[in-house]
Amino acid sequence: MPDFRTIDIAPSILSADFARLAEEIKAVETGGAALLHVDVMDGHFVPNITVGLPVVKSLAQATKLPLDTHLMISDPGIYAEQFVRAGAQMVSVHVEADAHLHRTVNSIKAAGAKAGVVINPATPIESLNEILDFVDYVLIMSVNPGFGGQKFIPTAVDKVARLRRLIDQRGLPVRIEIDGGIDLNNIRRVVDAGAEIIVSGSAIFGANDPGNAVREMLEAGVQWV
Ligand code: DX5
Ligand code: ZN
């Protein structure tokens, strides 16, 4: 009998109603979310400002879901470790934002969290060559970071497939996450290309029933092996 592998759905609270955050989180927990994706923006690396350390601290108290914290901030090395202390189990930083990426990645791991690196749509996977051995996951952006509800950039599918090959060739235990414009129409394609952690904001929190939206995405992303 064929076996199946499920993917991890990481709802991005950026598209949630912040005034009803606890309720929104309950809904996606019930729907089967594996992680909670928290977008931290500084108004400098990206042209938008969102939440920071105090919110991560409160979220860590409010949910059992691991917090997957995506830092869209300049010089993330200054803050990365503080996000782990605030309760994030996963912290990712952009390669474009950090001149001392290796140091930052190691500081995240030393503080006790999984460390990820993120690349923008125009950043080649070759930029990951030297850091790949040191990270737990790579986040491929399938939109330009800064806002929820943007249109999926289809070349991200091939980028995921090329990264998957690189990781497998090198025999590394690195997971691939994808973020931006993922919905029921394209989830299958990114999973088939090799993405295992799927971030989705507007397609989940923009739905009438966010819990059901998570369930539908899980079903659509199941992989028979
Ligand atoms: C964009 C953020 C994403 C965003 C995804 O800069 O990193 O996590 O919330 O939202 P959707 O799924 O609506 O593109
Ligand atoms: Zn994100």
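What's counted below: heavy atoms across the whole structure, side chains too, no hydrogens, waters or symmetry copies.
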#### Entry: Any residue meeting salt bridge (Lys or Arg N to Asp or Glu O under 4.0 Å) with R188, in chain and number order, not counting sequence neighbours
D192
### Task
State, yes or no, whether a side-chain contact exists between N186 and R189 at a heavy-atom distance under 4.5 Å.
yes
### Closest contact, heavy atoms only, V91 versus L71
CG1-CD1, 3.8 Å
For residues 76-87, which side-chain N or O atoms pair as donor and acceptor with protein atoms under 3.5 Å away, sequence neighbours left out?
unit_1: E81; atom_1: OE2; unit_2: R85; atom_2: NH2; d: 2.9
unit_1: Q82; atom_1: NE2; unit_2: I78; atom_2: O; d: 3.4

### Message
If hydrophobic clusters are built from ILVMFWY residues whose side chains come within less than 4.5 Å, do V160 and M141 share one?
### Response
no
### Task
Using a 4.5 Å cut-off on heavy atoms from C-beta on, say whether the side chain of I182 contacts that of S142.
yes
### Query
Minimum heavy-atom separation for E24 to P210, with atom names?
OE1-CG, 4.0 Å
### Message
With a 4.5 Å cut-off on side-chain heavy-atom distances among I, L, V, M, F, W and Y, is there a chain of contacts connecting L132 to I108?
### Response
yes
### Query
Are any of the side-chain nitrogens in D136 or K109 under 4.0 Å away from the carboxylate oxygens of its partner?
no
### Query
Which heavy-atom pair separates G221 from V191 by the least distance, and what is that distance?
O-CG1, 3.5 Å
### Task
Decide yes or no on side chain to side chain contact (heavy atoms under 4.5 Å, CB included) for I13 and L59, but give the supporting numbers first.
CA-CA 11 Å; I13 58 165; L59 287 172; 3.7 Å; yes
#### Entry: Separation between CG of D133 and CD1 of I167, rounded to the nearest 0.5 Å
10.5 Å
### Message
Under 3.5 Å, is there a donor on one side chain and an acceptor on the other for H37 and D39?
### Response
yes
### Message
Using side-chain heavy atoms (C-beta onward) and a distance below 4.5 Å, is S74 in contact with D42?
### Response
yes
### Query
Around R103, counting heavy atoms of other residues, nucleotides and ligands shown, do more than 12 lie under 6.0 Å from its CZ?
no
### Task
Look only at the side chain of S12 and the backbone of S200, and say whether a donor-acceptor pair between them is shorter than 3.5 Å.
no
### Query
Is it the case that H70 and S92 place a side-chain donor and acceptor less than 3.5 Å from each other?
no
### Message
Applying a strict under-4.5 Å side-chain criterion to I, L, V, M, F, W and Y, I'd like to know whether L166 and V135 cluster together.
### Response
yes
### Query
Is any side-chain N of the basic residue among D68 and K114 closer than 4.0 Å to the acidic one's carboxylate O?
no
### Task
Sequence neighbours left out, what passes side-chain hydrogen bond (donor to acceptor under 3.5 Å, both in side chains) with D98? Give chain and number order.
T104
### Message
A side-chain contact here means heavy atoms from C-beta on lying under 4.5 Å apart; do M217 and I204 qualify?
### Response
yes
## Note on the structure
Minimal heavy-atom distance between N48 and G146, with the atoms involved, is ND2-O, 2.8 Å
### Task
Could you walk me through whether V118 and V95 pass side chain to side chain contact (heavy atoms under 4.5 Å, CB included), step by step?
CA-CA 6 Å; V118 194; V95 302; over 6 Å; no
### Query
Is P11 close to V214 at the side-chain level, that is, under 4.5 Å between some pair of heavy atoms?
yes
### Query
Tell me, do I187 and I7 make a side-chain contact under 4.5 Å, heavy atoms counted?
yes
### Task
Please check if V199 and L21 belong to a single hydrophobic cluster, counting links between Ile, Leu, Val, Met, Phe, Trp and Tyr side chain heavy atoms closer than 4.5 Å.
no
### Task
Check A88 against T69 and note the closest heavy-atom contact, atom names and distance.
CB-OG1, 3.1 Å
#### Entry: Residues which pass salt bridge (Lys or Arg N to Asp or Glu O under 4.0 Å) with R164, listed by chain and number, not counting sequence neighbours
D168, E196
### Query
Considering only heavy atoms from C-beta outward, does the side chain of I140 approach that of D179 to under 4.5 Å?
no
### Query
Applying the side chain to side chain contact (heavy atoms under 4.5 Å, CB included) test to P145, which of Q150, M41, M72 qualifies?
M72
## Note on the structure
side-chain contact (heavy atoms from CB on, under 4.5 Å) filter on E29, not counting sequence neighbours, yields I25, K26, T63, L65
### Task
Using salt bridge (Lys or Arg N to Asp or Glu O under 4.0 Å) as the criterion, list what pairs up with D17, not counting sequence neighbours.
R20
### Message
Determine whether L101 and V117 satisfy the following criterion, side chain to side chain contact (heavy atoms under 4.5 Å, CB included), listing intermediate values before the conclusion.
### Response
CA-CA 8 Å; L101 196 58; V117 289; 3.9 Å; yes
### Message
According to side-chain hydrogen bond (donor to acceptor under 3.5 Å, both in side chains), who are the partners of S58, at least two apart in sequence or on a separate chain?
### Response
none
### Message
Go through it in stages, so that I can follow the logic: the residues are I153 and N144, the test is side chain to side chain contact (heavy atoms under 4.5 Å, CB included), and I'd like the CA-CA distance, side-chain angles, deciding distance and then a yes or no.
### Response
CA-CA 9 Å; I153 299 171; N144 287 293; 4.3 Å; yes
#### Entry: Closest non-hydrogen atom pair, I73 against V40
CG2-O, 3.9 Å
## Note on the structure
Hits for ring-ring contact (aromatic ring centres under 6.0 Å, His included) against H102, two or more places apart or cross-chain, chain-then-number order -> F134
### Side-chain touch L36/V28, heavy atoms, less than 4.5 angstrom
yes
#### Entry: Backbone of A33 reached by a side-chain donor or acceptor of D8 within 3.5 Å
no
### Query
For D183, what residues pass the side-chain hydrogen bond (donor to acceptor under 3.5 Å, both in side chains) criterion, not counting sequence neighbours?
none
### Task
Hydrophobic side-chain clustering at under 4.5 Å (ILVMFWY, transitive links): who's grouped with L35? Put none if nobody.
M90, Y137, I197
### Task
For F18, enumerate each residue passing the ring-ring contact (aromatic ring centres under 6.0 Å, His included) test, keeping only those at least two apart in sequence or located in another chain.
none
### Query
Listed by chain and number, what are the side-chain contact (heavy atoms from CB on, under 4.5 Å) partners of E96, not counting sequence neighbours?
F45, H94, I119, N120, T123
### Message
Grouping I, L, V, M, F, W and Y whenever their side-chain heavy atoms are under 4.5 Å apart, do V143 and I176 come out in a common cluster?
### Response
no
### N/O donor-acceptor pair under 3.5 Å between Q89 side chain and L67 backbone
yes
